[in-house]
Amino acid sequence: MWITILTAVWLLAVSIMDIRSRRVPVWLLLLGGLPVLLAGGYREGGGVNMVLGALPGILILAAAFATGKAGYGDGIVLLFLGMALGSGKSMLLFGASLFMISVCSMVLLALKKAGRNTGIPYLPFLSAAWLVLRIWQT
């Protein structure tokens with residue numbers, strides 16, 4: 001339970017930083033990654049499941065490196081969460097967060113509040129998807 005609370009506080013902090021400045025400090029990423037990794041270490045499947053769970057985060061980091069359109073912080077947070085959740089749930093988390101951000105984007109485009117090249121912070125949607133999945137899981 002404590003790890004869930006610490007992870008929720010961490011996700012709230014990185015989401016606020018992403019909304020306000022579009023940057024997340026490295027120390028905050030590493031500080032929050034510790035309880036997330038601890039939570040993943042007690043799951044069945046062990047290391048292989050953690051590595052497979054990290055694949056969506058690796059995908060975002062590769063996109064950030066190749067195109068510069070994604071943020072490194074987004075990839076690192078997704079990497080940590082994926083390692084804690086495991087392969088199946090990390091893909092579900094990634095898909096749910098992409099669905100949420102796409103719905104928001106469509107609404108903003110329909111209301112003419114955003115354009116084609118408007119940047120939208122990803123971490124608040126990743127945090128919301130994680131929260132929904134945690135509530136749904138219990």
Side-chain angles (χ1 to χ4, degrees):
M1 179 172 111
W2 284 105
I3 292 188
T4 301
I5 292 170
L6 289 173
T7 304
V9 169
W10 175 61
L11 287 172
L12 179 66
V14 295
S15 295
I16 290 170
M17 292 296 294
D18 195 26
I19 290 169
R20 287 188 177 176
S21 66
R22 304 285 173 107
R23 298 199 185 281
V24 180
V26 173
W27 66 267
L28 185 58
L29 291 172
L30 296 177
L31 178 70
L34 183 65
V36 171
L37 290 176
L38 289 175
Y42 296 109
R43 195 182 359 82
E44 62 183 67
V48 173
N49 204 14
M50 285 179 74
V51 170
L52 291 175
L55 289 179
I58 293 169
L59 177 71
I60 295 288
L61 285 171
F65 181 74
T67 66
K69 298 283 183 179
Y72 291 105
D74 301 337
I76 292 170
V77 171
L78 186 58
L79 182 89
F80 284 144
L81 290 176
M83 290 173 79
L85 293 173
S87 60
K89 291 181 183 175
S90 74
M91 290 298 197
L92 184 61
L93 174 69
F94 186 47
S97 64
L98 290 178
F99 176 76
M100 288 178 178
I101 200 168
S102 66
V103 169
C104 178
S105 298
M106 288 188 298
V107 169
L108 290 174
L109 284 170
L111 296 175
K112 299 192 190 277
K113 298 288 183 182
R116 177 183 167 123
N117 295 322
T118 303
I120 298 174
Y122 175 68
L123 289 178
F125 296 96
L126 183 62
S127 301
W130 179 84
L131 185 63
V132 167
L133 290 177
R134 288 302 285 179
I135 291 171
W136 185 36
Q137 183 181 358
T138 52

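Met17 and Leu12 are assigned to two separate hydrophobic clusters, defined by single-linkage of ILVMFWY side chains at heavy-atom distances under 4.5 Å. Connection of Leu109 to Leu111 is not established within any shared hydrophobic cluster, with ILVMFWY side chains joined at heavy-atom distances below 4.5 Å, either directly or through further cluster members. The hydrophobic cluster containing Leu126 also contains Trp136, counting ILVMFWY residues as joined when their side-chain heavy atoms lie under 4.5 angstrom apart, directly or transitively. Note: the hydrophobic cluster containing Ile101 does not contain Met106 (ILVMFWY, side chain heavy atoms under 4.5 Å, direct or indirect links). Tyr72 and Ile60 fall within the same hydrophobic cluster, defined by Ile, Leu, Val, Met, Phe, Trp and Tyr side-chain heavy atoms under 4.5 Å apart, directly or through other members.
Between the CG atom in Leu55 and the CE atom in Met83 there is a gap of 10.5 Å [rounded to 0.5 Å]. A distance of 13.5 Å separates CZ in Phe80 from CG in Leu85, rounded to the nearest 0.5 Å. A distance of 11.5 Å separates OG1 in Thr7 from CG in Leu131, rounded to the nearest 0.5 Å.
Smallest separation of non-hydrogen atoms from Ser105 and Ile120: OG-CD1, 3.3 Å. Nearest heavy-atom pair across Leu123 and Asp18 is N-OD2, 3.1 Å. When all heavy atoms are compared, the tightest approach of Ala70 to Thr67 is N-OG1, 4.4 Å. Counting all heavy atoms, side chain and backbone alike, Leu92 lies closest to Leu133 at CD2-CD2, 3.6 Å. Nearest heavy atom pair, residue Pro121 against residue Pro124, reads O-CD, 3.7 Å.
By the 4.5 Å heavy-atom criterion applied to side chains, Leu81 and Leu11 are counted as neighbours. Counting heavy atoms from C-beta on, the side chains of Phe99 and Phe125 never come closer than 4.5 Å. By the 4.5 Å heavy-atom criterion applied to side chains, Val132 and Met100 are counted as neighbours. For the pair Trp10/Leu28, a side-chain contact is recorded, criterion being any heavy-atom separation below 4.5 Å from C-beta on. Phe94 has its side chain within reach of Leu59: a pair of non-hydrogen atoms, C-beta onward, lies under 4.5 Å apart. Looking at Leu93 and Leu78, their side chains come closer than 4.5 Å, going by heavy atoms from C-beta outward.
Residue pairs satisfying the side-chain hydrogen bond (donor to acceptor under 3.5 Å, both in side chains) criterion with at least one member in residues 109-129, sequence neighbours excluded, are listed as follows: Ser15-Ser127, Ser97-Tyr122.
Just one of Val24, Val26, Leu29 meets the side chain to side chain contact (heavy atoms under 4.5 Å, CB included) condition when paired with Ile76; it is Leu29.
Listed for the Arg22 side chain is a donor-acceptor partner under 3.5 Å among the backbone atoms of Gly119. A donor-acceptor pair is defined here as one N or O able to donate and one able to accept, closer than 3.5 Å; no such pair exists between the side chain of Ser90 and the backbone of Gly82.
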